[in-house]
Amino acid sequence: TGNQWGYGKEDGPSAWHRSYPVAKGSRQSPIDIIPEQAFHDNSLGPIIANYDHCTSINISNNGHSVVVEFVDSDNRSVIQGGPLDNPYRLKQFHFHWGGKGCDGSEHTVAGYSYASELHLVHWNAVKYKTFAEAATAPDGLAVLGIFLKTGDDHRWLHTITDALYMVKYKGSVTDFRGFNPKCLLPSSLHYWTYLGSLTTPPLHESVVWIVLKQPIVVSDKQMGKFRTLLFTGEEEEERIRMENNFRPPQPLQGRKVRSSN
Ligand SMILES: NS(=O)(=O)c1ccc(S(=O)(=O)c2ccccc2)s1
Ligand SMILES: [Zn+2]
């Protein structure tokens with residue numbers, strides 16, 4: 001049923017092109033960001049994230065990551081400014097991470113990987129009627145990427161890591177209300193931006209990527225809780241720990257990465 005893809009040896013990123021030929025396309029993500037080669041574009045304004053009236057709905061394990069979904073039937077939580085021509089609505093956020101002691105970010109910075117990467121997924125509800133329509137349009141999605149590095153405890157991430165035991169298995173979902181992702185943003189919103197794709201199948205080339213330069217700090221213990229999740233469902237006999245759910249950097253193919261001031 002549907003296309004089975006994963007992060008293992010047989011079904012991982014190097015095999016995705018068989019079912020998703022766009023995997024070898026001209027604007028694939030993630031990429032290795034080389035700061036010195038990024039173009040300082042003075043016309044790039046600040047990113048504005050208006051999450052104050054956002055409404056989280058649930059938290060779930062979709063067999064690839066842990067996802068928090070939001071009400072996106074109006075413009076109550078949007079990102080705008082920067083490279084974006086209009087406001088994009090927050091739909092969900094999720095994470096990518098490594099194994100114990102290993103890094104698991106998707107974008108890298110001059111070859112450097114972070115422990116994890118948070119993706120806040122938004123869609124262009126001004127130009128497109130539905131998320132599904134926006135998801136295949138070249139300017140349909142805007143994903144805000146935030147690096148996580150290990151160090152002190154992140155006081156707000158506890159709200160998420162304390163809920164992970166309820167979504168241990170693939171296909172599990174539970175209520176998750178009143179969470180404002182503003183608490184996960186670093187103090188600086190300086191960013192790199194480039195045109196790319198979803199980093200998982202269906203790998204649509206529909207994403208304006210906005211990757212924040214400043215990582216947030218979370219503890220090893222908090223990262224460890226992500227690794228208690230499973231790729232596998234409760235009914236499956238095989239239990240496979242959810243870790244290393246990241247795609248490696250893809251060819252830049254002549255794309256320009258711009259840098260905010
Ligand atoms: N890692 S990422 O942020 O690039 C990403 C991968 C998949 C999604 S999606 O679930 O929003 C989605 C979007 C469109 C079609 C299907 C799923 S977002
Ligand atoms: Zn992602």
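Start at 1 and go down the list; that is how both ligands and their atoms are numbered.
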Closest to atom 18 (S) of ligand 1 by heavy-atom distance, out of Thr199, Val121, Leu141, is Val121
When Val121, Val68, Thr200, Asn245 are each screened for side chain to side chain contact (heavy atoms under 4.5 Å, CB included) with His94, the one that passes is Val121
Atoms in ligand 1 with a heavy atom of Ala135 nearer than 4.0 Å:
14 (C)
When the ring planes of Tyr194 and Trp209 are compared, do they come out parallel, tilted or perpendicular, using 30° and 60° as the limits?
parallel
Measure the CG-CG distance between Asn58 and Asp175 for me, rounded to the nearest 0.5 Å.
7.5 Å
Looking at atom 8 (C) of ligand 1, what's its closest protein heavy atom, distance included?
Leu198 CD2, 4.0 Å
Less than 6.0 angstrom from the centroid, inside 45 degrees of the normal: does Lys91 satisfy that with respect to the ring of Phe131?
yes
Using a plain distance cutoff, I'd like to know if Thr200 has any nitrogen or oxygen under 3.5 Å from a nitrogen or oxygen of ligand 1.
no
Closest approach to the Zn ion (ligand 2) by His119, given as the N, O or S atom name:
ND1
Checking one value in my table: which N/O/S atom of His94 lies closest to the Zn ion (ligand 2)?
NE2
Under 6.0 Å between the ring centres of Trp192 and Phe39?
no
Just how far is it from atom NE2 of His158 to atom CD of Gln222, taken to the nearest 0.5 Å?
4.0 Å
Residue, atom and distance of the protein heavy atom nearest atom 3 (O) of ligand 1 read His94 CE1, 3.2 Å
Test of understanding: given a 4.0 Å heavy-atom threshold, classify the contact between Gln92 and ligand 1 as side chain, backbone, both, or neither.
side chain
Please determine if His204 has a nitrogen or oxygen closer than 3.5 Å to a nitrogen or oxygen of ligand 1.
no
Nearest 0.5 Å, what's the CD1-CG distance between Ile216 and Asp152?
13.0 Å
Go through the steps to decide whether Phe70 and Phe93 satisfy the test ring pair (Phe, Tyr, Trp, His ring centres under 6.0 Å), and finish with yes or no.
CA-CA 9 Å; Phe70 291 84; Phe93 70 74; 5.8 Å; yes
Going by the atom numbers of ligand 1, which of them fall below 4.0 Å from some non-hydrogen atom of His96?
1 (N)
Check if Trp209 has a non-hydrogen atom at a distance under 4.0 Å from any atom of ligand 1.
yes
What part of Pro202 sits under 4.0 Å from ligand 1 if we count only heavy atoms: the side chain, the backbone, both or neither?
side chain
